[in-house]
Undergrad: 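Below is a structure I'd like to ask you about.
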Amino acid sequence: MITFIFFYFHFTTMDNLVLDYYTNCAEVCDDKVKKSSITSIKMNTFAWYCTVFIYFFHFYFRIRKICCLESLSKLSILDLHDNQISKIENISHLSELQVLNLSGNRISRVENLQGLNSLTELNLQYNCISAVTELACLPGLQRLFLSCNSILSFDQLACLGESRSLSELTLDGNPVALETWYKQAVLRCVLHLRQLDMKRITDEDRRMAGVLTRKEEEKKRESHKQTIQKCLLLTVQGNNFSAFSTLLFQIGCFHVFLPRLVETGSGSAQSLSLSDSHLAELDGDTLRLFGLGALEALERGWGVQTAGAVTVIAFRFINFDAIVPTLPRIRVKFPNLSHLIFLETNISRLPQLAALAQVRRLDQLTIHPEGNPVVSLALWRSFIIYRLYHFNLQKINGQEVTMNDVIAAERVFGTLGHIAATETPRCRLLLLLEESRKRQLQFLLEGRGRRAGLSPEELRDNGKLLGEGLSRALFNYPSRDCNEATVESSERAAVIEQYLQELVKRASDTNLKGEALHKLWPSMFAEMVKDCVLDMRDRGAFRRDSLAKLTETK
Amino acid sequence: MSRLTSAVPTEQYLADSQVLFYLNDAVTQLLDHKEEYTQFGLVRYFAEYFSSVKNSNHVLFREFSYIRATQHNRASFIRVFWRCFRQIGKSGDLLSVLEYRSLLQLLCPDFPLEVVRSAARIVLMDDATDCLMSFSDFIYAFQLQFYYQEFLDSVQVIYQDLLAGKSPNTVIVPTSSSVEQLMAVAAEENDREEQQQDGVDSSTLAECVDALCDRFKHSYPSRTCTREVLEQIEKVSYYGFLMSLAKHEGINQAIGALPSKEELLIDPEMDQELDKLIGQISVSPGSNSSGSAVGGLKEVQRRASPRRNIHHRRKIEVESDGSTEETDSSEN
């Protein structure tokens, strides 16, 4: 077997020469040569014969090694595709080489490329390449074709990022191209890439790459933190939301004492938000919130599907007064919510329980005795059943709510609701009710068009015109007593005081006048009668005087 | 024109009837909630405000400072509390201090615990304040404590004085806190517990209380009643004294908020209303109306026809009779 083929092309005078076996013709791309056509034809013919000869050999004998190119220092294009070359070597002196085509060979490593300072295109398709190295030494490399090789992972493409000039890259046909986020990962490595796998890179692709980078970093960070968290251990002593826990909150040392729940030992819990003082976890259909800061997890964007899957929300170590403002948001965001759990949330009064009416729907409610003093009150269960009657609660703290419970609750609180609904002055009602009911009440009180407005008495008689829910709806938390700036209210108080003083003064003056008149009236009346009688004594004169008066006044 | 002849000068009349206080509150509320009330109508607002004052409805859902401001308000509040929670008395539940306070808080969101605790102390004779109390005991004690709060504070000061052995004729400024502290310290030094059990000579106490009433600016229970109570026993302890005052029918009548003890749990109208409500619930147990306006209105229209009501009534009686026993047992 012929293992070496010598190129007897003494074209040292030629500046450029292209050797292209495949098409069986040697193209001369130098202008000078083209001009001298005779020489070129000669050359061509000669070359042609040579190439035929060589092609003949090529047909049977493929090139296995690159060598003996030392004299071709001005070579600009070297095309050795479809051979059996297994190693790139002996080309380092080709400093003017611009295009190197080594596709269809048996090359397994990209190496020995130093010195190719002018190289702009490197074609290594259809090889067995598994590792790419030393691309940084090709300062001008713009196009790199690595399709149909054996590159397995992005690690092996590590040096791609070092090439600043790379703008076209093909990697299709490699195992690595089948990875998810392949495009984005490549974009992350090679920032200035313009074409990948013969397709232009759009802005959208770049944006996705950025997002992916962030996501990956976050994932790494969180899994790291979770492993740390798994090592923390805590027990909080005491049943009440003791001063100790409150102190922890206040000084922000919560992370030191974050409890490790047994349930979240499963790997399916997805941590949504984690910091030193709070944790928000989504575990399938349960959303667990620990610590005050966890409430902000409710603010973030929730995908409709994820939000729709949540049926249980558990609050722990969050003050109930802080949870209340988020309930309207929860109502909107989680349409399938059916169970609320409260642990260590400092619910201490019955009116606070009324705040739960703001969610859309509730089948189960759990309020742990730990940290919730309200559970120690005997009537808390009845009150919840009464106030949240419209939810038709199935279970409270694991115990079923029976019809008897409902009737008993009504028996205890029914009168209260009835009196509240029928006897609270309407003006007070306007302040207590929430927006929708308030509007309804106002609507009923005013007349619109044909329908006359109802007076308060009529409204009282038809006390239930606003629906039976009114009596329950009056118990709201927080109650709508507005907290105004004290400056304003003290100013107002002064104004009111002054106004009332004036009022009193006017009233007492009027009263005084009335009294005085009352005292004087008899004598005044007597005088008036006396005057009249005296005037009318002389009838004739009186008549004349009266007529005169009349003509005057005309 | 008899109304113009005033037996009392204007200022005194105004002060007695506390008209200015109500007027002040009405105007303050008006200015605070301008938007709602201007739509409501100013004349209508004032009319409603004062008619509610007359009907004792005005204290519903008001803040504590308003409720305790006048005697009328206090009496109205006690009455409202009785009417709303009479059922608890009927069912015979015993509740603790915190629970009574939570019930009070449903009507008045910022009702303080102190008042309730003092009332509880009267009932329980200053024993462990976590004991359970019956509704009737509590409400009479609460009435006394709340209505005559200032008076009771002064009497306590006098009592401590007497315990400490001070002369009953010393002039005491009742509301001076420094004096009270002094008294407390003196009482502790004198082995308080023993002496409290023994109590104080009733006649001396009666004299002191009389003297107090002479110069007292706030309202106090009638002297005859107090004297009656003190005449019955020789030695009386502070809480014993208060407890007998609470139970005294004359004082109850004078306040006029609650009926007498025998009639405390009786209110047939309200019972009817309650039965109606329970009937509605029993009939429509699965109603899932979220309290929306439309749902509410629909239900109302169902209720409006009288024939339906009667039908319900009969049904109610049967059901409620049946369920009462069950609920009793389940409550226990």
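Below, each value reflects all heavy atoms present in this structure, side chains not excepted, and no hydrogens, waters or symmetry copies. Chain letters run A, B, ... following the sequence lines, proteins first, then strands; residues in each count from 1.
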Undergrad: For chain A, which of T28(B), L23(B), N24(B), L98(B) has the most heavy-atom pairs under 4.5 Å?
TA: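 The answer is N24(B).
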Undergrad: Under a 4.5 Å heavy-atom cutoff, which of T402(A), L350(A), I496(A) has the most pairs with chain B?
TA: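 Greatest number of close heavy-atom pairs with chain B: I496(A).
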Undergrad: Check the angle between the aromatic planes of F77(B) and F111(B) and answer parallel, tilted or perpendicular using the 30° and 60° thresholds.
TA: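 Rings of F77(B) and F111(B): parallel, under 30°.
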Undergrad: Heavy-atom cut-off 4.5 Å, strictly under: side chain, backbone, both or neither for L503(A) against chain B?
TA: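 Contact with chain B: side chain only.
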Undergrad: Is the NZ or CZ atom of R387(A) both under 6.0 Å from the centre of the six-membered ring of F383(A) and within 45° of that ring's axis?
TA: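 Here R387(A) fails the 6.0 Å and 45° test against F383(A).
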Undergrad: Picking from V374(A), V406(A), T415(A), which has the most non-hydrogen pairs under 4.5 angstrom with chain B?
TA: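 Of the options given, most contacts go to T415(A).
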Undergrad: Counting only heavy atoms closer than 4.5 Å, note whether L95(B) contacts chain A via side chain, backbone, both or neither.
TA: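 Contact with chain A involves the side chain of L95(B) alone.
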Undergrad: Counting only heavy atoms closer than 4.5 Å, note whether L274(B) contacts chain A via side chain, backbone, both or neither.
TA: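 Just the side chain, heavy atoms under 4.5 Å.
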Undergrad: What verdict does the side chain to side chain contact (heavy atoms under 4.5 Å, CB included) test give for H418(A) and C84(B), after you've listed the backbone C-alpha separation in whole Å, the side-chain angles of each residue and the deciding distance to 0.1 Å?
TA: CA-CA 8 Å; H418(A) 177 80; C84(B) 288; over 6 Å; no
Undergrad: Check whether L106(B) gets within reach of chain A through its side chain, its backbone, both or neither, counting any heavy atom under 4.5 Å.
TA: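 Both backbone and side chain.
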Undergrad: Measure S376(A) against the heavy atoms of chain B and call it side chain, backbone, both or neither at under 4.5 Å.
TA: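 The backbone, not the side chain.
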Undergrad: Looking at K513(A) and D509(A), is any side-chain nitrogen of the basic one under 4.0 Å from a carboxylate oxygen of the acidic one?
TA: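 Result for this pair is no, no salt bridge flagged.
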Undergrad: Main chain of S134(B), side chain of D137(B): is a donor-acceptor contact present, judged purely on distance under 3.5 Å?
TA: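 No; zero donor-acceptor contacts below 3.5 Å.
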Undergrad: Report the relative orientation of the aromatic rings in W521(A) and F525(A); use parallel for angles under 30°, tilted for 30 to 60°, perpendicular for over 60°.
TA: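 Answer is tilted, since the angle falls between 30° and 60°.
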